[in-house]
Amino acid sequence: MEISIKNMHEPTAARYCIRCGAAMERRFIASEGRERMVCPNCGWVHYPHLKVGAGVLIEQDGKILLVRRAHNPWKGAWNLPAGYVEIDEPPEHAAAREAKEETGLEVRILGIVDARFFNDDPRGNGLLLLYRAEVVGGELRTGDETAELRFFAPDEIPAELAGGAHDVLIRAWQQRRTGK
Ligand SMILES: [Zn+2]
């Protein structure tokens with residue numbers, strides 16, 4: 001499979017050194033065969049890493065819970081309840097936290113479903129981890145980041161799906177359920 005390398009440096013490339021504040025320079029590192037941002041003053045090298053997102057697959061009566069985004073990117077499009085994992089947080093904890101924030105539901109994480117790379121998010125490239133979850137409490141309600149919430153049957157999946165691997169994961173679920 002050919003992986004596109006668009007979005008590889010921007011917007012996550014450091015333009016100023018976090019140690020000394022000097023302007024960073026793009027240099028080709030021969031031993032690694034790629035360009036990196038390097039501080040010409042103190043030698044600090046910026047190694048950008050993938051952002052990690054975690055989300056939940058909540059199914060009830062054969063339907064999947066999706067949330068409609070209230071903000072950009074992909075404002076108005078539908079995605080799985082999900083968000084970025086904090087630096088000190090296990091991803092399954094982040095998935096349950098985001099489910100609560102975005103849907104009002106308390107969930108129990110049952111296991112991982114899939115993990116997908118994405119390079120179409122203007123905030124940076126990442127990896128979205130999707131966990132199967134069951135509802136154990138709470139009440140369905142929108143949060144600060146969600147304009148609308150709904151369960152969709154496989155043949156009701158909306159056309160406007162968010163990127164950042166959400167579209168891929170939602171269509172994969174749809175395909176598993178319909179066999180198409
Ligand atoms: Zn520096």
Side-chain angles (χ1 to χ4, degrees), residues 1-57 66-104 107 109 111-133 142-147 160-172:
M1 183 169 70
E2 191 167 322
I3 302 287
S4 160
I5 58 163
K6 71 177 179 173
N7 213 9
M8 192 56 85
H9 291 288
E10 303 295 346
T12 50
R15 298 202 291 175
Y16 295 95
C17 179
I18 62 164
R19 288 197 181 155
C20 75
M24 300 286 279
E25 287 179 6
R26 184 162 296 193
R27 288 191 193 158
F28 183 74
I29 313 289
S31 61
E32 300 179 37
R34 63 191 300 158
E35 288 184 337
R36 299 207 184 272
M37 300 303 281
V38 179
C39 175
N41 186 47
C42 76
W44 180 68
V45 181
H46 180 217
Y47 292 95
H49 294 119
L50 295 176
K51 289 172 176 291
V52 178
V56 289
L57 174 60
L66 299 182
V67 302
R68 199 158 70 82
R69 297 179 62 84
H71 304 291
N72 276 318
W74 301 295
K75 184 178 177 181
W78 293 85
N79 60 201
L80 296 149
Y84 289 128
V85 179
E86 298 286 355
I87 196 75
D88 56 356
E89 186 181 39
E92 60 275 17
H93 180 271
R97 176 180 54 74
E98 292 286 347
K100 177 78 169 117
E101 286 172 14
E102 296 192 350
T103 71
V107 302
I109 301 298
I112 192 146
V113 178
D114 206 344
R116 296 291 178 121
F117 171 76
F118 58 85
N119 62 5
D120 59 352
D121 190 319
R123 296 167 297 181
N125 296 349
L127 183 69
L128 179 59
L129 307 176
L130 181 63
Y131 293 90
R132 179 171 300 284
T142 55
D144 294 342
E145 294 175 14
T146 48
E160 202 186 347
L161 299 178
H166 285 272
D167 47 358
V168 174
L169 289 165
I170 294 165
R171 290 199 182 104

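Predicted model only: the values in this text are computed from it and were never measured. Ligands are counted one by one from 1 in listed order, and the atoms in each one are counted from 1 as well.
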Salt bridge (charged side-chain N to carboxylate O under 4.0 Å, His left out): which pairs involve residues 71-95, sequence neighbours left out? Glu89-Arg97
Does the distance from a Lys or Arg side-chain N to an Asp or Glu carboxylate O, for Arg34 and Glu32, drop under 4.0 Å? no
Is the NE2 atom of His71 crowded by more than 12 outside heavy atoms at less than 6.0 Å?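 Count over threshold, so yes.
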Mark yes when over 12 heavy atoms from residues, nucleotides or ligands other than Asp144 sit less than 6.0 Å from its CG; otherwise mark no.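 Atom CG in Asp144 is not packed in, count stays at 12 or less.
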Show all protein N/O/S atoms under 2.8 Å from the Zn ion (ligand 1), or state that there are none.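 The answer, once waters are left aside, is Cys17 SG, Cys20 SG, Cys39 SG, Cys42 SG.
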Determine the minimum heavy-atom distance between Ala133 and Val56, stating which atoms define it. CB-CG1, 3.9 Å
Flag side-chain contact, heavy atom, 4.5 Å: Leu129 against Val52: yes
